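Have a look at the structure below, then the notes.
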Amino acid sequence: MHALSALIDDLFAPSVVQLVEDAEGGICYWPRFVDADTAQAWFECLRANAAWSALQRPMYDRVVDVPRLVAGYALDALPETLPLADMLARVQAFAPASYTHAGMNLYRDGRDSVAMHHDKLHSLALGQPITLVSLGSARRMLIRAIDGHHETIAIDLEPGSLLRMSHASQLTHEHGIPKTQREQPARISVAFRARMRDDSDHRRHG
DNA sequence: GAAGGTCAAGCGCA
DNA sequence: CTGCGCTTGACCTT
């Protein structure tokens, strides 16, 4: 019975969903980028072995925790303990680009979140997309047009899914992961980006 | 070196 | 319940 409904889900599941249109491919969602077992294995390995850090930010007159854990890796120096090389190869097959970095977020539960934002374009290579792999439990993302009617798209990012956002779409849309009251197990997002150069050298100088 | 953008939690509102 | 817009301030980029 469950096997049958899963089969029906598979038959009717779209292979790709176009969420936003633009000249560079807009924002595109593949619900079944990898199979569930692979997604689960990646999730467990990353959660256990990635170098997660907890950040803080000032908020009014106190310091609060950033509501998620973060980790980042350069793709030319990947630790062998992580499945990032395998992930990159499979991302390249769906959304080829000259990726250089993988940035990861761990949303532990429904209280973790990211505010609406667009990715910083000054450090990203022109025309190169940002491609997001979702692992763990599904989590709702909001995508909102900046001008016009501020139309908002809500999409539940499923484990094993892939979301490709064009460089151009970062100028017209912002995105975020709102907090939720629902029971919400952990999710990891892995964002592959193409940085035009390493600009981490000349910060914090004098 | 001045100016502008970012993004955290909590509130009230629809 | 969910989304949205407002608030302050340290840190960042331009």
Side-chain angles (χ1 to χ4, degrees), chain A residues 17-22 26-27 29 31 47 50-74 99-134 136-159 161 163 165-206:
Chain A
V17 183
Q18 188 81 39
L19 299 169
V20 171
E21 310 259 4
D22 68 31
I27 301 180
Y29 177 65
R47 186 176 194 182
W52 298 108
S53 18
L55 305 178
Q56 285 83 232
R57 280 187 63 89
M59 179 66 183
Y60 293 94
D61 49 358
R62 55 190 177 127
V63 174
V64 298
D65 292 331
V66 168
R68 78 199 95 98
L69 300 181
V70 298
Y73 293 91
Y99 304 110
T100 59
H101 289 263
M104 306 196 287
N105 290 302
L106 170 54
Y107 302 91
R108 293 157 291 188
D109 58 37
R111 293 168 298 187
D112 276 354
S113 62
V114 220
M116 298 296 286
H117 67 284
H118 40 253
D119 286 39
K120 309 284 175 295
L121 294 179
H122 66 268
S123 62
L124 297 177
L126 200 65
Q128 298 293 313
I130 299 136
T131 304
L132 206 78
V133 176
S134 292
S137 97
R139 192 75 198 251
R140 174 158 300 177
M141 169 179 273
L142 300 181
I143 300 170
R144 180 167 55 192
I146 291 166
D147 43 312
H149 308 93
H150 282 210
E151 186 191 352
T152 299
I153 301 164
I155 177 148
D156 293 326
L157 297 177
E158 297 168 52
S161 73
L163 185 77
M165 299 186 287
S166 73
H167 190 270
S169 74
Q170 298 306 297
L171 293 171
T172 58
H173 292 73
E174 54 184 359
H175 57 276
I177 304 285
K179 297 181 193 307
T180 178
Q181 306 288 347
R182 289 172 11 206
E183 176 66 20
Q184 180 65 65
R187 165 179 179 261
I188 289 172
S189 70
V190 185
F192 291 91
R193 293 186 178 81
R195 297 237 278 236
M196 54 181 137
R197 66 196 162 96
D198 188 354
D199 58 348
S200 62
D201 288 340
H202 56 76
R203 65 177 51 169
R204 216 33 91 183
H205 176 270

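Owing to the predicted nature of the structure, the values given are computational and were not obtained by experimental measurement. Below, chain A is the first sequence line, B the second, and so on; all start at residue 1.
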Rounded to whole Å, CZ of Arg140(A) lies from C1' of dC1(C) at a distance of 10 Å
- Which is it for Leu124(A) and His167(A) under the side-chain contact (heavy atoms from CB on, under 4.5 Å) test, yes or no, and what are the steps along the way? CA-CA 8 Å; Leu124(A) 297 177; His167(A) 190 270; 4.3 Å; yes
Do Pro129(A) and Tyr99(A) come close enough that some side-chain heavy atom pair is under 4.5 Å? yes
One pair to check against side-chain contact (heavy atoms from CB on, under 4.5 Å): Ile27(A) and Ile143(A). What are the steps and the verdict? CA-CA 9 Å; Ile27(A) 301 180; Ile143(A) 300 170; 3.9 Å; yes
Nearest heavy-atom contact between Ser166(A) and Ser169(A) is O-OG, 2.7 Å
*Are the aromatic ring centres of His117(A) and His175(A) under 6.0 angstrom apart?*
yes
Rounded to whole Å, the CZ-P distance (Arg139(A) to dT2(C)) equals 10 Å
With the side chain defined as heavy atoms from C-beta on, Arg57(A) is closest, among dT2(C), dG9(C), dC4(C), to dG9(C)
Per side-chain hydrogen bond (donor to acceptor under 3.5 Å, both in side chains), Arg144(A) is matched among Glu151(A), His173(A), Glu174(A) by Glu174(A)
Among the nucleotides dA8(B), dT6(B), dA10(C), whichever has the atom closest to the side chain of His118(A) is dT6(B)
To the nearest angstrom, the CD-P distance between Glu183(A) and dT2(C) comes to 13 Å
From CG of Leu142(A) across to C1' of dC4(C) the rounded distance in Å is 10 Å
Here the distance between atom P of dC11(C) and atom CG of Asp61(A), to the nearest Å, is 15 Å
With a 4.0 Å cutoff (strictly under), does any side-chain N or O of His117(A) reach OP1 or OP2 of dG5(B)?
no
Per atom distances to the Arg68(A) side chain, the nearest of dA8(B), dG3(C), dG5(C) is dA8(B)
Separation of dC4(C) atom C1' from Glu151(A) atom CD, nearest Å, is 16 Å
Rounded to whole Å, CD of Gln170(A) lies from P of dT6(B) at a distance of 12 Å
From the candidates dT2(C), dA8(B), dG5(C), the one with an atom nearest any side-chain atom of His150(A) is dG5(C)
Correct closest heavy-atom pair for Arg187(A) and Ser137(A) would be CB-O, 3.3 Å
5' to 3', nucleotides 9-14 of chain B under a 4.0 Å protein heavy-atom cut-off (B base, S sugar-phosphate only, - none) gives B-----
_Whether Thr152(A) contacts dC4(C) is assessed here as follows: a side-chain N or O lying under 4.0 Å from the phosphate OP1 or OP2. Is that the case?_
yes
To the nearest angstrom, the CD1-C1' distance between Ile155(A) and dG3(C) comes to 17 Å
